[in-house]
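Letters go in sequence order (proteins before strands), and every chain restarts at 1.
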Protein chains: 2
Amino acid sequence: MQYSKSTDYALHALLHLARPELRNNVGIKELSGMLEVSESYLSKIMSKLRQDGLVRAVPGANGGYELARPAEDISFLDVVQVIEGRQQMFECSNSRSRQHRLLAEEEDGREPAPSRGSECLVEKVMNGAEQQLHQYLREHTIQSVLDEALQRGGFQAAKKR
Amino acid sequence: MQYSKSTDYALHALLHLARPELRNNVGIKELSGMLEVSESYLSKIMSKLRQDGLVRAVPGANGGYELARPAEDISFLDVVQVIEGRQQMFECSNSRSRQHRLLAEEEDGREPAPSRGSECLVEKVMNGAEQQLHQYLREHTIQSVLDEALQRGGFQAAKKR
DNA sequence: CCTATTATGGACCTGTGATGTCCATAATAT
DNA sequence: ATATTATGGACATCACAGGTCCATAATAGG
Ligand code: SF4
Ligand code: SF4
């Protein structure tokens, strides 16, 4: 149960792209140098970020990447979901077991919302917990972290140049 | 980023052990039959639960498992941590990169708490999110789910026998 | 004491996915 | 035309989830 390294890389790449001193189109070489990750691997990740609309990419000389939307509109949740996927963390395996029949038995008779996903009690807890996680990640954006970094005096070395 | 099936199995096994009609020592055969999981595999999971003090086990004829503490003292978080481990979901890989130096740069001078884990801004967000998840899981116990099931009329088939 | 029962732990197998490299191709600026 | 840069497919490798099998130990009941 760990986030993949790709998530780590993606977050840091986006944080770099969001740097204030933006002269458009940051190349893979620069990113790779910053994060100290191989160009080949990082480019795969950037490609995924592009496919999901988080960054734009332009090939050719002077090409590179830039954010596709303002940094305050890119939440940590966005990034995590692009890399880790959107399936839920808990997925029941044996919903046909005898155990299930006892736990998910509906009260006899009317089933109020047949269209609803009919979440069982275990899933209710696990999915509820995941929603808490998502809510928190949704509230923190690339921009908010960047702001905090500037406030704390980070990025000074770069700004002084 | 998914919980393993073992977590699923462990939760359901504990929910079975917490059933009201407890005559001590539920054998692996009964559990295996309930969850429809092989005895060999499930016994590995039960063994882990025992090592971490969630259940007690006694071998020999008429042996089996029972909860080591009241069901209201076994939270979902306990179970998840036994199976998935206690490492954090986000673990930074390259804290020596140039990127890091810019993001985690301390404000020049005094570093107020050298003993503190000196959490960087990215980790602060990711760990914060995980804490939300943990808090929710901590508030839900085997007993609380069982109560809700009984209230909803589940377990009736078993109770009528 | 003997035997059947039951949990334990080690060895082993297998498939899948994370991590990563390499290369051929396409698109773009100069 | 050429150099530059992103893209995508094909592989390679490795760790781990998921699972089986078996030898051993402990226990209850006769
Ligand atoms: S009760 Fe929920 S988690 Fe358990 S088997 Fe049924 S669907 Fe799956
Ligand atoms: S800023 Fe935090 S997450 Fe990023 S490299 Fe440094 S320690 Fe790791």
By nearest-nucleotide position on DNA chain D, the 5'-leaning member of Val58(A) and Ser40(B) is Val58(A)
Whichever of Pro59(A) and Lys44(A) has its nearest DNA chain D nucleotide further upstream toward 5'
Pro59(A)
Between Glu123(B) and Cys92(B), does a side chain to side chain contact (heavy atoms under 4.5 Å, CB included) hold up when you go through it step by step?
CA-CA 8 Å; Glu123(B) 284 169 338; Cys92(B) 171; 3.7 Å; yes
Examine Val125(B) and Met89(B) and state if one hydrophobic cluster contains both, with Ile, Leu, Val, Met, Phe, Trp and Tyr joined whenever side-chain heavy atoms are less than 4.5 Å apart.
yes
Taking a hydrophobic cluster as the set of Ile, Leu, Val, Met, Phe, Trp and Tyr residues connected by side-chain heavy atoms closer than 4.5 Å, whether directly or through intermediates, do Val58(B) and Leu31(B) fall within one such cluster?
no
Specify the separation, in whole Å, of atom [atom1] of [X] and atom [atom2] of [N].
| X | N | atom1 | atom2 | answer |
| --- | --- | --- | --- | --- |
| Asn25(A) | dT30(C) | CG | P | 11 Å |
| Lys48(A) | dG17(C) | NZ | P | 12 Å |
| Glu91(B) | dA15(D) | CD | P | 16 Å |
| Asp52(B) | dT8(C) | CG | P | 13 Å |
| Arg56(B) | dA26(D) | CZ | C1' | 17 Å |
| Leu17(A) | dA6(D) | CG | C1' | 14 Å |
| Glu30(B) | dT5(C) | CD | C1' | 15 Å |
| Leu42(A) | dT7(D) | CG | C1' | 14 Å |

Counting only side-chain heavy atoms from C-beta out, which of [options] sits nearest to [X]?
| X | options | value |
| --- | --- | --- |
| Asn62(B) | dA7(C), dA28(D), dT7(D) | dA28(D) |
| Tyr9(B) | dG19(D), dT28(C), dG8(D) | dG19(D) |
| Ser47(B) | dG8(D), dT19(C), dG9(C) | dG9(C) |
| Tyr41(A) | dT21(C), dG19(D), dG29(D) | dT21(C) |

Sole candidate of Gln131(B), Gln132(B), Glu139(B) that passes side-chain contact (heavy atoms from CB on, under 4.5 Å) when paired with Gln135(B):
Glu139(B)
Is the phosphate of [N] approached by [X] (side-chain N or O, under 4.0 Å from OP1 or OP2)?
| X | N | value |
| --- | --- | --- |
| Ser4(A) | dT19(C) | yes |
| Ser43(A) | dA6(D) | no |
| Ser6(A) | dT19(C) | yes |
| Arg50(A) | dT5(D) | no |

Do the side chain of Lys5(A) and the base of dG20(C) come within less than 3.5 angstrom through a donor-acceptor pair of N or O atoms?
no
Answer with base, sugar-phosphate or nothing: what part of the nucleic acid does Glu84(B) contact at a heavy-atom distance below 4.0 Å?
nothing
Base, sugar-phosphate, or nothing for Gln51(B), non-hydrogen atoms under 4.0 angstrom?
sugar-phosphate
Decide, yes or no, whether a salt bridge links Glu66(A) with Arg56(A) under the criterion of side-chain N to carboxylate O below 4.0 Å.
yes
Please answer whether the main-chain N or O of Val145(A) pairs with a side-chain N or O of Glu148(A) as donor and acceptor at a distance below 3.5 Å.
no
